[in-house]
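Notes follow once the structure below has been shown.
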Amino acid sequence: MRVLVTGGAGYIGSHTLVELLGQAHEVCVLDNYDNSSPVVLDRVRKLTNGTVTAVEGDVRHDNTLRDVMTTFQPDAVIHFAGLKAVGDSMTNPLGYYDVNVNGTLALLRAMDEVGCKRIIFSSSATVYGEPVYLPYDEAHPLNPTSVYGRTKMMAEHILADWAQASGGTAVLLRYFNPVGAHASATLGEDPADVPNNLMPFIAQVAVGKRPYLNVFGDDYDTPDGTGLRDYIHVVDLARAHVAALDYAADHSGARAFNIGTGQPYSVQQMVAAFRTASGQPIPVVVASRRAGDIAAMQADSSRALSEMGWRATHTLDDMAASTWAWQSGNPNGFQSEEG
Ligand code: NAD
Ligand code: WQD
């Protein structure tokens, strides 16, 4: 298929490009490099020996989208482009609604103009909010507690209405906690500022960039008192997009899929795995709970297996070892190659 990948230079997008090229799909990336760099695409080209057409532009701009659609004529779109920091979304709600919701609207309009009927969307487990039951299945009520989560829920509703009206296909992938890096150690997560998420923070402590990890609460109702999450290796996640493209080829309408492993790990378990992988001590300091955090979340991903034939295969050790290989081999991320 010819696949337009918005946000393809980002963390999950870049790993997905590798898997798409490995399956002989043709790709075109649209990215404004707001949270990434064209260097990432050079790494993908080097790694795959593949062709990655890249257009620098904003997913909210109708003219840019029209040009890309008419030139590339995609069979499907994978829509990663968006803003993802929960805390920032609370202080900059309009910016988040603009990029995440208006960006999705603009993309669908442009798809309609060229008759492109398939889209795979980066949604998030955060659309569920405080768990009514665990593991979350896709029928769990949607009750996001942040602006970020609401932008993803709104985009899901828009995509579902579009699919219904147009006869198109919208695959809504609800990612749990993506972590890890490509086995080559040439691609990985490269946060611009202080990492918000656990795994990149641990990695920066391990490599000596930060003195210790704050553990946000050790008095949760969990076996060791620290928060439980369903971490998913980014390469497994990337492969879920390839499976979703195959699914979209012979289904119509909107369908949501949880993308996790079903096996939650605590903050302490993540630190322990990283100590083993890195051989570094990784000091921790117990801090108070982070506002808005829930104790535990866990995916029921059985629908992804039964309907798309996808399941996660990477282990916790793979997640820690690949993150360490990436972080230690690229202590400044992609920065050293940027002009
Ligand atoms: P990322 O920031 O690394 O990638 C997003 C990409 O989109 C970046 O390359 C950025 O430059 C680009 N972008 C941002 N705004 C744009 C715009 N207006 N026009 C064009 N490009 C734009 O993030 P990621 O972790 O790879 O996440 C990808 C998607 O998955 C996002 O939509 C995110 O909300 C979603 N998601 C991420 C996680 C996670 O924990 N990483 C979890 C669930 C869902
Ligand atoms: C994991 C656990 C923290 C940092 C977020 C978004 C979600 C999705 C994934 C985009 C929690 C603890 C963390 C630290 C810590 N993103 N922690 N010290 O909050 O589950 O999910 O990222 O869609 O929408 O909300 O992930 O990695 O921030 O936290 O103790 O320095 O690690 O309290 O228990 P979270 P996280």
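Just follow the structure's listing: the first ligand is 1, and inside any ligand the first atom is 1. Not measured: the values here are computed from a predicted model. We're numbering straight along the sequence, starting at 1.
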Problem - Under 3.5 Å: donor-acceptor pair, side chain of Arg45, backbone of Val52 - result: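 Pair found, side chain donor or acceptor close to backbone of Val52.
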Shortest protein contact, [atom] (heavy atom only):
atom	answer
atom 35 (P) of ligand 2	Asn177 ND2, 3.5 Å
atom 18 (N) of ligand 2	Asn214 O, 2.7 Å
atom 14 (C) of ligand 1	Gly82 O, 3.6 Å

Practice task
Could you tell me if any non-hydrogen atom of Tyr212 lies under 4.0 Å from any atom of ligand 2?
Solution key: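 Per 4.0 Å heavy-atom rule, Tyr212 does not contact ligand 2.
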Problem - Test item, Tyr175 contacting ligand 2 (heavy atom, 4.0 angstrom) - result: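 False for this residue.
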Exercise for the section: Flag the pair Glu138 and Arg174 as a salt bridge only when some basic side-chain nitrogen lies within less than 4.0 angstrom of an acidic carboxylate oxygen. Expected result: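 Judged by the 4.0 Å cut-off on N to carboxylate O distance, Glu138 and Arg174 do not form a salt bridge.
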So, regarding [X] and ligand 1 (criterion: nitrogen or oxygen to nitrogen or oxygen, under 3.5 Å), is there a contact or not?
X	result
Asp58	yes
Asn35	yes
Val59	yes

In ligand 1, which numbered atoms sit nearer than 4.0 Å to a non-hydrogen atom of [X]?
X	value
Pro178	38 (C), 39 (C), 40 (O), 41 (N), 42 (C)
Gly57	19 (N), 20 (C)
Ser123	43 (C), 44 (C)

Practice task
Could you tell me whether the side chain of Tyr136 reaches within less than 4.5 Å of the side chain of Pro131, counting heavy atoms only?
Solution key: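 Sidechains of Tyr136 and Pro131: in contact.
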Exercise for the section: Report yes if some heavy atom in the side chain of Glu189 is under 4.5 Å from a heavy atom in the side chain of Gln327; otherwise report no. Expected result: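 Not touching, per the 4.5 Å side-chain cut-off.
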Problem - Partners meeting ring-ring contact (aromatic ring centres under 6.0 Å, His included) with His233 (sequence neighbours left out) - result: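 ring-ring contact (aromatic ring centres under 6.0 Å, His included) check on His233 returns His314.
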Using a 4.0 Å heavy-atom cut-off, which part of [X] comes near ligand 2: side chain, backbone, both, or neither?
X	value
Leu228	neither
Thr226	neither
Leu198	both
Tyr231	side chain

Problem - Side chains of Gln268 and Thr226, donor plus acceptor under 3.5 Å - result: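 Short answer, no.
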Exercise for the section: Report, in ascending order of atom number, the atoms of ligand 2 lying under 4.0 Å from any heavy atom of Val86. Expected result: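 In order of number, 6 (C), 25 (O).
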Exercise for the section: Quick one: look at Lys152 and ligand 1, take heavy-atom pairs under 4.0 Å, and tell me if it's side chain, backbone, both or neither. Expected result: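 Contact part for Lys152 vs ligand 1: side chain (C-beta onward).
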Practice task
Among Trp310, Phe257, Tyr175, find the residue that satisfies the ring-ring contact (aromatic ring centres under 6.0 Å, His included) test when tested with His241.
Solution key: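 Going through the options one by one, the only one that passes is Tyr175.
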Problem - 4.0 Å heavy-atom contact, Asp31 with ligand 1 - result: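 Distance cut 4.0 Å: Asp31 passes for ligand 1.
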Problem - Tyr148, any N or O under 3.5 Å of ligand 2 N or O - result: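 Yes, there is a polar N/O contact under 3.5 Å.
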Practice task
Starting at CG of Leu105, measure out to CD1 of Ile158 and round the result to the nearest 0.5 Å.
Solution key: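 It is 4.0 Å, given to the nearest 0.5 Å.
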